[in-house]
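From a predicted model like this one, the values you see are computed outputs, not experimental measurements.
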Amino acid sequence: MAILEIVEVPDPRLKTVSTPVEAVDDDLRALLDDMLETMYAAPGIGLAAIQVGVPKRALVIDLQENEGERNPRYFVNPDVIEASEELNTYQEGCLSIPEQYADVERPARVTVRYLDYDGKEQVEEMDGLLATCIQHEIDHLNGVVFVDHLSQLKRKMILKKLQKARREAAPA
């Protein structure tokens, strides 16, 4: 397994609509394993393939709900087939927008169809943080980052704070 480079805003690849995966094969599973390793190293709880420069409809999630206990989830060609009218607000962050967070409102429950690590079709109802996370990562597959859900003013403030942090971290 390898730790991959995470693509960060304003890289135009993050605006790419990812293409469907034709088959879950060993090459794709190797990519998913590398993505998981990359996500753990970052650290984060979700990562879409486009965030490592691969425009395929694949993502990994591990909410790590029990401290130190890993529970990796793999989603290939995920699609929200139903969403609740009830909404939830979570403070979201993103590995492609480091150290920046904002409240985002999304459907509280979603039903998602996807292929698992073995290529088997699954349909699963999700709520809470998992519902938020899967929607956030599916957004990446559609060329959307979480700040796109914010007002123009909030989005500009976050992107300015990110630029400032990058300038301060850059070697003199």
Side-chain angles (χ1 to χ4, degrees), residues 1-21 24-65 67-80 90-104 106 112 114-117 126 129-150 154-172:
M1 291 200 286
I3 294 177
L4 308 171
E5 183 178 340
I6 296 175
V7 175
E8 295 183 1
V9 297
D11 192 305
R13 291 177 288 179
L14 292 170
K15 294 297 181 185
T16 302
V17 176
S18 296
T19 57
V21 172
V24 178
D25 56 18
D26 288 344
D27 287 343
L28 182 70
R29 281 189 280 272
L31 171 65
L32 290 168
D33 291 340
D34 287 347
M35 288 168 55
L36 200 62
E37 192 75 15
T38 302
M39 181 191 77
Y40 288 140
I45 61 170
L47 188 68
I50 193 62
Q51 290 179 274
V52 293
V54 180
K56 291 184 177 180
R57 297 188 77 78
L59 60 94
V60 295
I61 292 175
D62 187 345
L63 302 181
Q64 301 172 50
E65 293 166 309
E67 189 74 27
E69 191 177 306
R70 291 188 171 171
N71 182 28
R73 305 280 311 269
Y74 306 88
F75 301 88
V76 178
N77 296 335
D79 190 27
V80 173
Y90 272 95
Q91 187 171 75
E92 294 187 25
C94 182
L95 296 176
S96 292
I97 310 173
E99 304 296 316
Q100 305 302 315
Y101 304 91
D103 287 342
V104 178
R106 298 182 186 272
V112 179
Y114 63 94
L115 301 176
D116 65 17
Y117 192 78
M126 304 173 186
L129 182 57
L130 181 58
T132 296
C133 191
I134 192 86
Q135 291 173 82
H136 174 112
E137 299 306 331
I138 289 173
D139 272 356
H140 277 299
L141 304 180
N142 295 322
V144 175
V145 292
F146 85 93
V147 294
D148 294 336
H149 290 280
L150 306 177
K154 283 184 181 176
R155 183 170 47 251
K156 281 185 177 177
M157 284 174 45
I158 284 177
L159 296 176
K160 277 188 177 173
K161 285 193 328 194
L162 180 61
Q163 285 178 327
K164 181 181 179 194
R166 284 178 177 157
R167 278 195 309 272
E168 289 173 355

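- The main-chain N or O of I61 is never found under 3.5 Å from a side-chain atom of R73 such that the two would form a donor-acceptor pair.
- Counting all heavy atoms, side chain and backbone alike, P78 lies closest to V112 at CB-CG1, 4.1 Å.
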Given the rule in the salt bridge (charged side-chain N to carboxylate O under 4.0 Å, His left out) test, do D103 and K154 qualify, once you have shown the distances and angles that lead to the verdict? CA-CA 10 Å; D103 287 342; K154 283 184 181 176; over 6 Å; no

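- Between the side chain of S18 and the backbone N or O of H140 there is no donor-acceptor pair closer than 3.5 Å.
- Using a 4.5 Å heavy-atom threshold, the side chains of H149 and D139 count as touching.
- Between the side chain of D62 and the main chain of N71, a donor-acceptor pair closer than 3.5 Å is present.
- A salt bridge (Lys or Arg N to Asp or Glu O under 4.0 Å) with R29 is found for one member of D27, D33, D26 and no other, namely D26.
- Between K164 and E168, the closest side-chain pair of non-hydrogen atoms falls below 4.5 Å.
- Pairing each heavy atom of A2 with each of T38, the nearest pair is O-OG1, 3.7 Å.
- Side chains of M35 and V54 form no contact here, defined as non-hydrogen atoms less than 4.5 Å apart.
- A donor-acceptor pair is defined here as one N or O able to donate and one able to accept, closer than 3.5 Å; no such pair exists between the side chain of Q51 and the backbone of I6.
- By the 4.5 Å heavy-atom criterion applied to side chains, V80 and I134 are not counted as neighbours.
- Remark: side-chain polar atoms of D148 are paired, donor with acceptor, to backbone N or O of V145 under 3.5 angstrom.
- Within a 6.0 Å radius of NZ in K156, no more than 12 heavy atoms belonging to other residues, nucleotides or ligands are found.
- Looking at heavy atoms from C-beta onward, I138 lies in side-chain contact with L59 at the 4.5 angstrom threshold.
- V9 and R166 make their closest contact through O-NH2, 2.7 Å (heavy atoms, listed as atom of the first residue, atom of the second, distance).
- Taken from NZ in K56 to OG1 in T19, the straight-line distance is 7.5 Å, to the nearest 0.5 Å.
- Taking 4.5 Å as the limit, every side-chain heavy atom of V52 sits out of range of all side-chain heavy atoms of D34.
- When all heavy atoms of G143 and K15 are compared, the closest pair comes out as O-CD, 3.4 Å.
- Taking every heavy atom of both residues into account, R106 and F146 meet most closely at NH2-CB, 4.3 Å.
- Looking at every heavy atom in both residues, E137 comes nearest to A48 through OE1-N, 3.2 Å.
- Surrounding CD of E99 are at most 12 heavy atoms belonging to other residues, nucleotides or ligands under 6.0 Å away.
- Under the 4.5 Å side-chain criterion, counting only non-hydrogen atoms from C-beta, L115 is not in contact with V21.
- Using a 4.5 Å heavy-atom cutoff, the side chains of Y40 and Q64 are in contact.
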